[in-house]
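In what follows, every chain begins at residue 1, and chains take the letters A, B, ... in the order their sequences are listed.
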Amino acid sequence: MDEHFPLEKTDRLVFDSYPVPVTIEQDNLNISLKKQDGLLAYYRECGREVVEKSLLADRGQLYLNPVEPINKPKELTPFFLVMLEQPLAVRPRENREITVTFPVEIASIFVGQGKSYTVLDVFSLVSPKYTLYGSPATGMLCRYWQSRVYAEPPETTFYLQGTMQVRVQNTTARWAEVTRMVFNAQDMKLFYDRHQVSMKGYMKILSDTTAETGFIEEHPKPAESIAKKSMDLFTSGKLLMAGPKMLMEEGI
Amino acid sequence: MIFSQVVYGDVTVLNILVAVLIFLVGIILSKLLALNLRRSFREKLSREHLELIVKVVSYTVIIIAVLLVLPQVGVEPSGLMVAGGIAGIAIGFASQGIVGNLLAGLFLIFERPIKIGDIVNIGDVIGFVEDIRVISTTIRTFEGLYVRIPNEKVFNDSITNFVANQARRFEYTVGIRYQDSAEKAIEIINSVLDQHPLVLVNPPAHAFVDELGDDGVNIIIRIWAPSTEWYGVKTELLWKIKCALEEGGIEIPFPQRVLWFAEKPPQEGN
């Protein structure tokens with residue numbers, strides 16, 4: 001352990017770039033990237049999970065960047081379901097913004113000379129959970145998260161939870177009850193700063209049981225402070241087989 | 001000149017050479033396209049979609065090459081329409097098995113009861129679908145064996161696709177002693193299941209007392225997991241449940257029998 005974490009300056013976790021060599025400690029997370037035997041050695045320990053890699057590079061920077069929360073424990077699905085702690089009744093023709101939270105996953109990205117980069121690792125300090133949206137025969141596998149509904153973005157621990165401002169629009173002439181929101185994370189637009197992660201989405205209620213959801217590429221509130229757009233880890237390597245919009249047909 | 005020498009009808013040696021050249025170029029082009037498609041889209045498309053695209057592109061190029069070759073060898077493609085009917089009957093009788101497999105293969109490719117990468121049971125073969133070709137389907141069994149099954153057999157046999165649906169259920173039976181609390185055991189089991197990321201929230205896992213058995217109380221645990229991951233989850237969870245129960249003071253009972261003696265057994269030393 002000492003080999004990886006010598007008694008030198010240790011950084012706390014923020015979403016930013018770190019010049020190499022670097023050691024970061026936060027809760028049960030330890031990250032280091034330093035020169036070892038002529039190579040750069042990356043080490044990350046988070047709970048029981050340990051990742052070690054050697055890099056054939058001399059200098060560069062380590063970026064810790066929030067990414068779509070659908071990578072842990074492995075990439076299984078592009079869909080992300082937010083289960084509301086209490087059902088949300090939406091009056092007819094309502095068009096209003098609410099906020100929910102979402103789990104944060106973080107990518108360790110090494111940027112070498114000439115701005116070339118490689119994703120070393122993705123980790124999360126939040127335990128992931130999965131669920132099925134719909135029946136076992138026709139349903140979709142989704143990353144699961146439970147959240148309260150907030151009128152304004154709440155204070156969160158930035159490395160655990162981000163905030164998603166969702167414009168809920170009830171296009172019907174009747175009250176609608178929303179219990180969950182399913183998004184296609186392939187098109188997630190994450191914005192972040194050193195101590196916060198946020199994004200904007202929408203949910204258009206089409207009937208009692210169907211809704212359309214998606215993401216909006218706009219700076220979330222407060223726009224001036226959440227300046228950086230996160231790297232789209234999921235879409236960077238894959239073609240969008242389905243459109244970015246998501247049609248919730250198995251209930252809302 | 002040797003190139004203008006007539007081989008048969010109006011077909012010269014040059015025509016034959018051009019035909020061979022076109023056919024070779026067609027095959028090489030189809031191979032190159034397949035290779036490039038695989039290289040370019042390996043990371044971006046699922047293997048099943050990629051192989052379907054590769055097959056469609058390869059066969060299209062080869063069919064175009066054959067259509068270009070035919071006039072060179074003195075066969076007009078329009079003439080094939082007439083000859084095709086008669087030839088088809090003759091070929092059909094001569095190669096019933098191959099044609100049957102071919103048709104079954106086409107149905108399999110378009111109906112898609114199985115896809116490349118799926119875990120299936122066809123007849124008595126269980127394994128991963130490695131490839132679906134026009135004549136046969138190849139399966140890699142869990143033991144690593146390569147099994148080629150003619151498509152006609154695949155089409156006619158019953159197929160069990162273990163991953164066609166998104167989620168799959170499995171269950172354990174765990175026995176506890178009569179003196180242990182079943183409520184507490186179920187609580188511990190549920191907490192283990194809650195901690196596992198791939199035990200689905202919905203459909204929910206279910207643990208309940210199923211039987212008051214000879215040796216203990218049997219609790220059944222039903223768990224839903226993603227179809228592609230269920231085996232890993234199944235092999236991982238049972239031991240975790242056992243350890244958690246023991247940590248909570250609940251033990252798995254050994255087989256036991258209560259013996260009643262009609263008379264008091266003789267004391268030691270008597």
Legend entry - Interatomic spacing from SG in Cys142(A) to CD in Gln166(B) - rounded to 0.5 Å: 9.0 Å
With a cut-off of 6.0 Å (strictly less than), are more than 12 heavy atoms of other residues, nucleotides or ligands near [atom1] of [X]?
X	atom1	result
Leu145(B)	CG	yes
Arg148(A)	CZ	no
Phe162(B)	CZ	yes
Asp124(B)	CG	no
Tyr172(B)	OH	yes
Arg222(B)	CZ	yes
Phe142(B)	CZ	yes

What part of [X] gets closer than 4.5 Å to chain B, counting heavy atoms only: side chain, backbone, both or neither?
X	value
Leu141(A)	both
Lys72(A)	neither
Tyr144(A)	side chain
Pro73(A)	side chain

Legend entry - Test item: Pro203(B) and Pro136(A) side chains (from C-beta on) under 4.5 Å apart, heavy atoms: yes
Inset, instruction - Using modelled atom types only, decide if a donor and an acceptor are shared between the side chain of Lys129(A) and the backbone of Leu200(B) within a distance under 3.5 Å. - result: no
Inset, instruction - Under the side-chain contact (heavy atoms from CB on, under 4.5 Å) rule, what do Leu81(A) and Asn202(B) come out as? Steps first, then yes or no, please. - result: CA-CA 11 Å; Leu81(A) 184 146; Asn202(B) 182 47; over 6 Å; no
Legend entry - Derivation of the side-chain contact (heavy atoms from CB on, under 4.5 Å) call for Val201(B) and Leu132(A): CA-CA 7 Å; Val201(B) 175; Leu132(A) 210 57; over 6 Å; no
